[in-house]
Amino acid sequence: MTEVVGHNAPRRDARAKVTGSARYGYDVALPGMLHAKVLRSPHAHARVVSIDTSAADALDGVAAVLTRDRLGAMMTTFGSLIKDQPVVAVDTVRYVGDVVAAVAAVDERTALAALDLIDVTYELLPTVADIAEALAENAPELFPEEPPGFTPHYGPGAHATLRPARNVSFEYGHTTGSPDAWDDCDHIFTDTFHFPRMHHMHLEPYVSVSTAAADRLEVWTSNQMPFQLRQELARLFSVAESVVRVHGEYIGGGFGGKSNCRTEHIGLRLSQLAGGRPVRFCMTLEEAFLTISQHKATLTLKTGIKADGTFVARQSTVLLDAGAYSEYSPFVAEKAGYRMPGAYRWQHIDTTCWTVHTNTVPAGAFRGFGGTQATWANERQLDLIAQRLGIDPFDLRCRNMLDLGEQTVPGERPIDSDLKLGLDLVADAIRYHARPHVPGRGIGIAMACKDGGGMNKLAQARVKIDVNGNVYLAAGLTEMGQGGHSALSQIAADVLGTEPARVRFTDVDTDYSPFDSGTNSSSGIVVTGRAVAEAAERARRQVLEFAAESLDLPVEQLDLRDWQVIADGVGHPLPPMIQQVYGGTGFEFSAEGQYKAAFSSETPFETQAAFWEIGWAAAEVKVDVETGKVDVLQLVISGDAGKVINHLGARGQDEGAAVMGLGQALFEELRYEGTDLLNGEALNYRVPMADDLPASFVSITQEQGHGSGPFGSKGLGEGGMLPVPPAIAAAIADAVGVQLTELPMTPERVLDAIDRRHVTI
Amino acid sequence: MRLQSRGAGLLTPTQAALPPFDLLRPTSLADARAVLADRPEAVIAAGCTDLVAAIREGLVPSTLVSLRNLDELRTVEHDGTALRIGALNTHHDGSAHPVLGAALPELADAWSAIATVRIRFRATVGGNLMARRYRYEMPVILGALETAMEFSTAAGERRCTVDEFVRRDPAAPEGRTLLHTLSVDTASLVAFRYDRSMRPVTTVALAVRRSRDGLRLTAGVGSEYRRAVLVRTDVPVAEVTAIDHAGAAHEMAGQLPDRVGDYAGSARYRRRIVEVLLRRQLEAAA
Amino acid sequence: MSHDPDDEVPAGAAVPVDMILNGARRHADVPTNTMLLSLLRNEFGLTGVRGSCERGVCGVCTVLLDGKPVASCSLFAFDVDGATVETIEGQRDGDALGPVQQAFAECGGFQCGYCTPGMIILTTALLRSEAKPNRDEIRRWIGSNICRCTGYEMIMESVERAAETLAAESGEPGEDPDTEGEEERS
Ligand SMILES: Cc1cc2nc3c(=O)[nH]c(=O)nc-3n(C[C@H](O)[C@H](O)[C@H](O)COP(=O)(O)OP(=O)(O)OC[C@H]3O[C@@H](n4cnc5c(N)ncnc54)[C@H](O)[C@@H]3O)c2cc1C
Ligand code: FES
Ligand code: FES
């Protein structure tokens with residue numbers, strides 16, 4: 001029964017957003033609110049010798065000054081698996097932008113004036129600018145003492161190690177099959193690929209309002225992970241999780257950035273120091289650049305294949321630049337490592353991924369989560385091999401791609417999209433097979449595959465229905481633009497035979513909302529969606545059982561539609577039936593649902609992927625061989641939604657992701673000279689604008705129907721980004737015969753490659 | 001972002017942190033000159049599209065002189081030999097001005113291509129030059145045209161070329177001086193081209209003027225992280241068609257100093273593409 | 001010659017600002033340092049106008065000043081004295097959505113919605129100056145503001161839809177392209 005699902009109706013948040021009345025974290029204001037600002041390290045690596053805040057403390061209007069001496073009972077560091085990031089600098093600052101001190105004052109001007117009065121003496125330490133420097137012999141060590149951390153338990157083939165080498169905080173490794181497979185290979189190719197890092201650049205800044213009382217720590221925030229935030233804040237303040245309450249507001253874009261503590265931990269401590277007054281901490285955009293980024297990476301792939309192009313064995317070494325602190329890097333390392341096989345069939349896989357520390361901004365969760373880096377290397381090496389063997393890259397993909405229903409690795413969820421179908425679709429849309437050979441023009445294709453739905457993600461949901469059939473849907477998924485609240489409401493409405501307009505998605509609040517481990521990994525539809533579907537099913541069942549008793553009919557003969565119980569084609573309105581039993585003072589049906597991918601001792605992560613997120617892309621480019629400039633003329637992207645819940649939402653997710661990929665392919669990157677960020681500012685950091693779009697940009701949302709989510713749906717939102725850079729690289733190769741291995745594909749890099757081509761010919 | 005006053009860190013000023021300042025709104029150029037003479041500390045405000053960035057980078061004006069009421073700086077005039085553009089012309093109004101369109105349509109085209117629709121309604125040509133930001137394009141465009149900048153100071157009128165201003169040559173006035181007019185000699189101008197297709201890596205403007213012995217080519221080269229550079233060459237021919245396009249382009253690009261290299265492009269690469277772009281401009285102008 | 005001291009507003013004093021804000025006469029006495037963004041949000045409660053970069057790049061804070069789209073973060077409040085200012089709050093038609101808002105809602109020209117008020121304002125200005133813009137024109141105007149979520153395509157479709165709706169409403173095939181429409185929406 002899919003009446004509501006699949007409609008092209010406006011999203012439920014449309015009205016609030018087109019009128020500007022949606023309330024974001026940015027809009028939250030409480031009476032008597034103070035404003036926080038922080039002092040950030042001017043040095044990339046230094047010992048903090050002394051801090052003197054006496055003048056700041058004495059300034060009129062200052063309510064609290066936080067430094068290492070004023071953490072009180074608060075834990076000094078936070079993080080994910082490894083807790084190595086100080087709330088404020090303790091002994092050492094490790095990147096330009098590291099937080100040294102914070103002030104809450106009556107207004108931002110006073111807070112900044114107070115910060116201007118703080119004296120800090122630093123003793124400079126030698127710095128580490130990049131992965132190569134960090135791994136060099138005698139490299140300065142960022143963490144001479146081991147920070148607290150642990151490794152998760154894994155299933156067969158996977159392992160993790162803390163501090164496997166100097167300046168490396170975490171290693172994830174994964175092997176399947178026997179290394180004897182190398183003996184069957186006719187060719188072995190080793191290639192190295194480079195991947196730069198982007199900044200999230202969500203337009204709503206990092207912002208929260210916090211209040212701290214003895215028995216209540218409360219934050220209103222634009223955070224993608226309210227429950228994880230609650231957990232981390234409770235740990236930091238050594239309180240029960242129930243003491244912490246996180247209100248999830250509308251989020252003005254996240255892309256992974258708004259995970260973990262950003263402003264909330266500092267805001268709460270300042271509020272404590274200020275006697276519980278509310279503290280708003282709103283970072284500027286420049287500060288966001290100094291807070292979190294994507295992972296830069298160096299990936300080396302050794303691939304063994306048969307003479308006919310059949311893939312056999314792959315050994316990958318992935319080095320992720322984690323920046324100064326571990327943040328979500330261990331999880332990104334797991335996923336980057338795990339995603340190295342791509343969408344292809346192997347007899348033997350051997351992957352090692354390291355998180356390498358440098359004196360640069362910490363890297364964390366970013367749309368694609370390791371998959372973007374993995375796809376760039378994977379798809380590029382495939383094209384390089386195709387060229388070496390004289391096989392069309394399309395054919396080489398087809399020869400090696402996993403079939404629908406085939407397992408990626410033993411124990412894993414079988415692939416739930418027909419990869420060939422999708423590849424044919426984008427290739428045909430761009431006329432790949434019929435492409436004319438015009439000098440300087442070329443067409444390329446690529447595809448990407450990542451496990452979706454988060455690792456071990458658990459979601460719960462509650463559905464309540466009042467006497468008049470109004471539905472209250474509660475779940476912990478935050479709305480950051482992906483349309484999750486609309487899609488989940490549609491799912492509930494569909495199950496309950498009602499209009500989505502009758503479903504209210506209740507505010508996300510960790511005191512009341514059912515648990516959800518986080519809004520990440522394209523998990524909303526499949527994981528939270530299944531919890532919602534189950535809660536709605538159960539609520540429906542309750543209603544029907546109630547009606548069965550009232551009408552004295554067998555429940556199996558009843559159906560629910562528009563808040564009437566249908567029996568034998570006759571509708572029985574529910575309100576009078578309910579009032580007869582429960583009187584006129586009101587009543588609610590209420591049911592809960594939960595979903596988590598089942599535990600499996602067979603798989604590396606001890607749970608199967610919730611679904612596979614696949615992205616296909618095809619691009620046509622024109623290359624100016626005199627300047628190296630690349631113009632993307634056409635871009636076709638496609639994702640498989642399994643079953644579309646909301647067309648507008650699905651399409652928007654794929655297109656937004658693809659344009660991020662377009663920027664990363666051609667120009668977007670954080671530029672570092674040594675340990676100094678050159679372009680951490682809105683005008684200098686170039687993101688794609690409308691006039692950067694190719695003349696033809698087409699997205700095709702497939703509904704292959706094999707998803708594990710409600711109605712056969714799958715998650716979307718990341719898959720569209722992953723294949724875009726390699727598709728453009730392949731198009732450049734088709735146009736001018738050069739294979740780029742480093743992003744972004746700047747004119748100079750393209751021209752250099754063209755020069756080298758002439759030399760080698 | 002700015003350095004903290006004691007050097008102990010970085011701070012990020014917000015708009016809310018800006019303290020009130022004395023505001024002066026002169027209504028004539030003479031009035032403005034007097035105001036600025038009185039208040040040497042004053043910061044000049046035109047369209048404020050850059051000033052706001054400067055404030056967010058730590059500028060704290062104690063006095064602000066708003067030029068908003070100086071309509072006399074919004075004119076564009078041409079007497080047949082010199083084009084005079086008031087400093088307060090916005091990108092939108094200035095580039096669409098009929099006098100400019102008639103006198104120097106190539107400049108109108110170049111000017112109409114910069115920035116975004118929204119910014120163009122506020123941003124002024126004077127502010128673009130006076131902001132001294134490397135990535136802004138007017139220093140390249142007007143630099144290649146050997147435009148004169150005319151300033152009004154307490155001590156009288158001052159004048160320098162855009163290139164002198166960009167290089168901070170002694171001929172350029174120091175400090176906060178009121179720019180009122182930009183003047184371009186159109187009498188000797190034979191052709192003008194501007195190419196921003198490679199922006200932000202490199203932009204190139206080319207002016208061809210008649211000189212005593214033939215033609216003089218002046219090119220402005222801009223980039224993201226380095227100030228605009230001018231290069232010149234003289235060719236002993238009378239017509240653009242007669243120029244050895246490749247040779248002249250090579251000669252000019254070869255003059256680019258090593259310091260044009262930056263993160264977005266090495267000096268070697270810049271010389272090479274500037275040569276290509278100049279050659280194409282000459283071919284197109286021919 | 002000395003300048004007229006009447007033109008001077010000392011730091012401690014307020015500047016009187018009279019404007020037409022979303023169709024109504026408004027007055028405010030603002031300290032010199034007040035930005036239009038903060039005046040609109042904090043003084044007039046128009047919180048659909050939000051900030052992000054606070055330096056003119058992103059366009060989240062876009063409003064119409066005498067019919068032209070400008071960044072309200074990059075404009076001193078004293079500069080709007082005597083001007084007409086329109087914000088996202090002025091787009092509504094009573095309880096109903098305005099035609100541009102309706103188009104964005106129907107075409108899904110938003111995701112997180114943070115850029116949306118600015119994009120709707122840009123669209124309004126574009127459609128007043130050019131009732132039937134072509135794709136390149138739309139790209140150029142929408143290219144003024146950043147949207148990090150949508151990939152722009154659905155925003156541009158929203159603009160096209162709004163143009164169609166407005167053309168249908170006015171019952172005309174479209175205005176003369178070069179009339180700079182500054183009149184209020186009826
Ligand atoms: C989003 C965005 C995109 C942009 N894109 C481009 C682009 O593509 N190409 C490009 O070239 N530029 C671009 N710019 C820059 C823009 O063109 C400049 O900011 C603008 O021209 C500055 O003019 P203004 O009137 O706003 O100057 P203001 O901000 O008012 O002033 C800038 C500086 O000049 C001084 N000043 C202004 N006028 C005078 C005067 N008459 N006499 C003396 N001093 C004066 C001020 O004191 C201040 O220091 C962009 C800016 C933004 C925000
Ligand atoms: S906040 Fe005004 S343009 Fe970004
Ligand atoms: S919808 Fe999020 S920035 Fe445009």
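Below, each value reflects all heavy atoms present in this structure, side chains not excepted, and no hydrogens, waters or symmetry copies.
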Q: Working to the nearest 0.5 Å, report the span between CD of B/Q15 and OG of C/S38.
A: 8.0 Å

Q.
Need one label for C/F78: side chain, backbone, both or neither, based on atoms under 4.5 Å from any heavy atom in chain B.
A. both

**Q.** C/R135, CZ: over 12 other non-hydrogen atoms inside 6.0 angstrom
**A.** yes

Q. How many angstroms lie between CG in B/L18 and CZ in C/F76, if you round to the nearest 0.5 Å?
A. 6.0 Å

Q | More than 12 heavy atoms from other groups under 6.0 Å of CD on C/E43 | A | no

Q: Give a yes or no on whether a salt bridge exists between C/D79 and B/R122, defined as a side-chain N under 4.0 angstrom from a carboxylate O.
A: yes

Q: Kindly write out the residues that satisfy side chain to side chain contact (heavy atoms under 4.5 Å, CB included) with C/T32, not counting sequence neighbours, or none if the list is empty.
A: B/P20, B/F21, B/L23, C/V9, C/V15

Q. Which atoms of B/R25 come close to chain C, meaning under 4.5 Å heavy atom to heavy atom: side chain ones, backbone ones, both, or neither?
A. both

**Q.** Toward chain C, the part of B/P19 with a non-hydrogen atom under 4.5 Å
**A.** backbone

(Q) Can you give me the closest heavy-atom contact between C/K68 and B/F121, atom names plus distance? (A) CD-CE2, 3.1 Å

Q: Considering only heavy atoms, give the residues of residues 107-119 of chain B separated from chain C by less than 4.5 Å, sorted numerically, with 'none' for an empty result.
A: B/T116, B/V117, B/R118, B/I119

Q) With only heavy atoms counted, which part of B/T14 is less than 4.5 Å from chain C, the side chain, the backbone, both or neither? A) both

Q: Could you look at C/L126 and say if it's the side chain, the backbone, both or neither that has a heavy atom under 4.5 Å from chain B?
A: neither

Q.
Checking an interface table here. Which of residues 49-60 of chain C come within a heavy-atom distance under 4.5 Å of chain B?
A. C/C53, C/E54, C/R55, C/G56, C/V57, C/C58, C/G59

Q.
Let's test your reading of the structure: which of B/A53, B/S62, B/G47 forms the most heavy-atom pairs below 4.5 Å with chain C?
A. B/A53

Q | B/R74: partners by side chain to side chain donor-acceptor pair (under 3.5 Å), with sequence neighbours left out | A | B/D71

